[in-house]
There are 2 protein chains.
Amino acid sequence: MRVSKAQAQANREHIVETASVVFRERGFDGVGVADLMAAAGFTHGGFYKHFGSKADLMAEASANSLAQSLASAEALSVKDFIDVYVSRDHRDGRATGCTMAALCGDAARQSDDLKSAFAEGIERTLQTLGEKYPTGPDAAPGEARVKMIDLLARAVGAIMLSRACPDDSALADEILAVCHAQMTASLSVQS
Amino acid sequence: MRVSKAQAQANREHIVETASVVFRERGFDGVGVADLMAAAGFTHGGFYKHFGSKADLMAEASANSLAQSLASAEALSVKDFIDVYVSRDHRDGRATGCTMAALCGDAARQSDDLKSAFAEGIERTLQTLGEKYPTGPDAAPGEARVKMIDLLARAVGAIMLSRACPDDSALADEILAVCHAQMTASLSVQS
DNA sequence: TGTACATCAGTGAACGCGCGTTCACTGATGTAC
DNA sequence: TGTACATCAGTGAACGCGCGTTCACTGATGTAC
């Protein structure tokens with residue numbers, strides 16, 4: 001049952017897309033190659049026609065979803081980014097949310113290949129949002145980047161701590177509400 | 001080869017202790033029951049004389065290491081906490097570092113039992129360090145807690161993002177340095 | 001205090017199962033003439 | 001354009017392996033008399 005080159009390429013992209021969602025939902029170790037292929041609508045045997053190993057797909061799926069999140073962040077102001085990111089919807093929507101928040105704990109234990117994908121995702125996020133960071137007129141050069149690094153760490157930390165609490169826990173919501181307020185407030189304080 | 005009650009209890013504690021280190025190093029899914037028991041100096045068969053399941057040990061080991069980190073934080077000022085926490089030593093010493101930073105990504109996908117251990121660890125950390133947070137003389141009640149929640153999210157986020165970057169990456173060090181400076185600076189700004 | 005027996009922490013073989021990966025096979029697609 | 005053949009994406013059985021868990025067994029500890 002050979003398939004056209006265009007179809008094969010589309011299928012490959014569909015597998016990467018599916019993997020980027022399922023990995024975020026269940027973690028790299030929480031999904032098998034067979035699960036992944038079934039979720040994409042295929043049988044597991046064809047996997048190695050597209051990828052050298054599961055680890056290769058992990059890196060590619062991460063790069064894919066990091067790039068995707070970045071694309072959606074491009075349309076946002078820093079304030080809007082905070083609203084979207086530090087929210088209950090984002091916390092509860094791991095599968096379609098930020099890859100950093102969903103997988104950076106796992107990434108820390110993976111190959112440098114995978115970590116490079118994360119570093120690039122982080123760097124691009126810093127650049128994209130850093131350009132829009134509202135610094136004062138007499139801000140030092142690099143001020144926006146510094147503020148943006150701090151902001152990203154706060155955002156990722158807030159989501160991850162909130163997700164580590166039991167569902168419907170008051171603490172989980174408190175963390176989000178407090179961090180959202182503090183981050184928003186820090187935006188209007190120019191240094 | 002029965003062993004005295006006191007010895008059995010000591011052995012159990014040793015297994016929990018070992019597990020809390022190895023889980024932080026390799027993640028919950030990265031270590032098997034047999035590995036764990038071998039690391040503690042036993043064979044795997046005896047595991048179920050002490051624990052109902054691997055998941056039970058995961059929760060107990062997490063609670064144990066969270067309590068331990070808390071104990072060492074009790075001696076620190078908030079400024080010292082930032083120095084110790086947001087550091088390269090901490091980033092590179094996952095096995096003996098903060099359990100939140102090492103495992104909160106994994107915890108998000110586990111049972112509410114495990115998450116409860118994390119929520120309690122977070123709550124106690126907030127209380128212990130919150131009491132020492134240097135707010136101004138006319139600070140609103142609850143101000144210290146709010147600041148401490150934000151500070152903890154920043155600290156955890158900074159370590160986790162830094163760990164997700166390749167070893168010896170400039171970005172990994174930049175994230176730590178920037179967040180350390182920003183957090184320290186925010187300590188001296190009273191609201 | 002000494003003896004006889006029950007308990008149970010720890011051992012190591014074994015269990016079924018799911019994992020990542022390989023492979024012979026199929027048949028539509030792509031290519032050479 | 002039509003025919004013959006090579007290619008290769010996708011299938012599904014099979015591989016060895018390590019996982020969490022169970023179990024019969026051992027022998028020192030704990031207990032009853």
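Numbers restart at 1 for each chain; the letters A, B, ... are given by sequence-line order, proteins then strands. Everything numeric here is computed off the predicted structure, so don't read it as measured data.
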Taking side-chain contact (heavy atoms from CB on, under 4.5 Å) as the test, write out the residues that go with B/I122, two or more places apart. A/L161, A/C165, A/L171, A/I175, B/M100, B/L126, B/L152
So, taking the atom named CG in A/L103 and the one named CE in B/M160, what distance separates them when rounded to the nearest 0.5 Å? 10.0 Å
Straight-line distance of B/R154 CZ to B/I159 CD1, nearest 0.5 Å: 14.0 Å
Within this structure, what is the CG-OG1 distance for the pair B/D106 and B/T99, rounded to the nearest 0.5 Å? 11.5 Å
Base, backbone or nothing for each nucleotide of nucleotides 27-33 of chain D, written B, S, -, heavy atoms under 4.0 angstrom, 5' to 3'? BBBS---
In B/S/- notation (B base, S sugar-phosphate only, - none; protein heavy atoms under 4.0 Å), nucleotides 17-25 of chain C written 5' to 3' is --SSBBB--
Would you mind writing out the side-chain donor-acceptor pairs for residues 26-51 of chain B within the sub-3.5 Å range, not counting sequence neighbours?
| residue | atom | partner | partner atom | Å |
| --- | --- | --- | --- | --- |
| B/D35 | OD2 | B/G32 | N | 3.0 |

Salt bridge (Lys or Arg N to Asp or Glu O under 4.0 Å) against A/E17, all qualifying residues, sequence neighbours excluded: none
Taken in chain and number order and not counting sequence neighbours, the residues that satisfy side chain to side chain donor-acceptor pair (under 3.5 Å) with B/R2 are none
Dot-bracket encoding per residue of DNA chain D, Watson-Crick/G-U cut-off under 3.5 Å, | denoting interstrand: .||||||||||||||||||||||||||||||||
Sequence neighbours left out, what passes salt bridge (Lys or Arg N to Asp or Glu O under 4.0 Å) with B/D83? Give chain and number order. B/K79
Residues in residues 7-22 of chain A with a heavy atom under 4.0 Å of DNA chain C, by number, are none
Would you indicate whether B/D167, at its atom CG, is surrounded by more than 12 heavy atoms from other residues, nucleotides or ligands within a distance under 6.0 Å? yes
Side chain to side chain donor-acceptor pair (under 3.5 Å) partners of A/Q110, counting only residues at least two apart: none
A/F81: partners by ring-ring contact (aromatic ring centres under 6.0 Å, His included), with sequence neighbours left out: A/Y85
With A/V3 via side-chain contact (heavy atoms from CB on, under 4.5 Å) - residues at least two apart: A/Q7, A/A8, A/N11
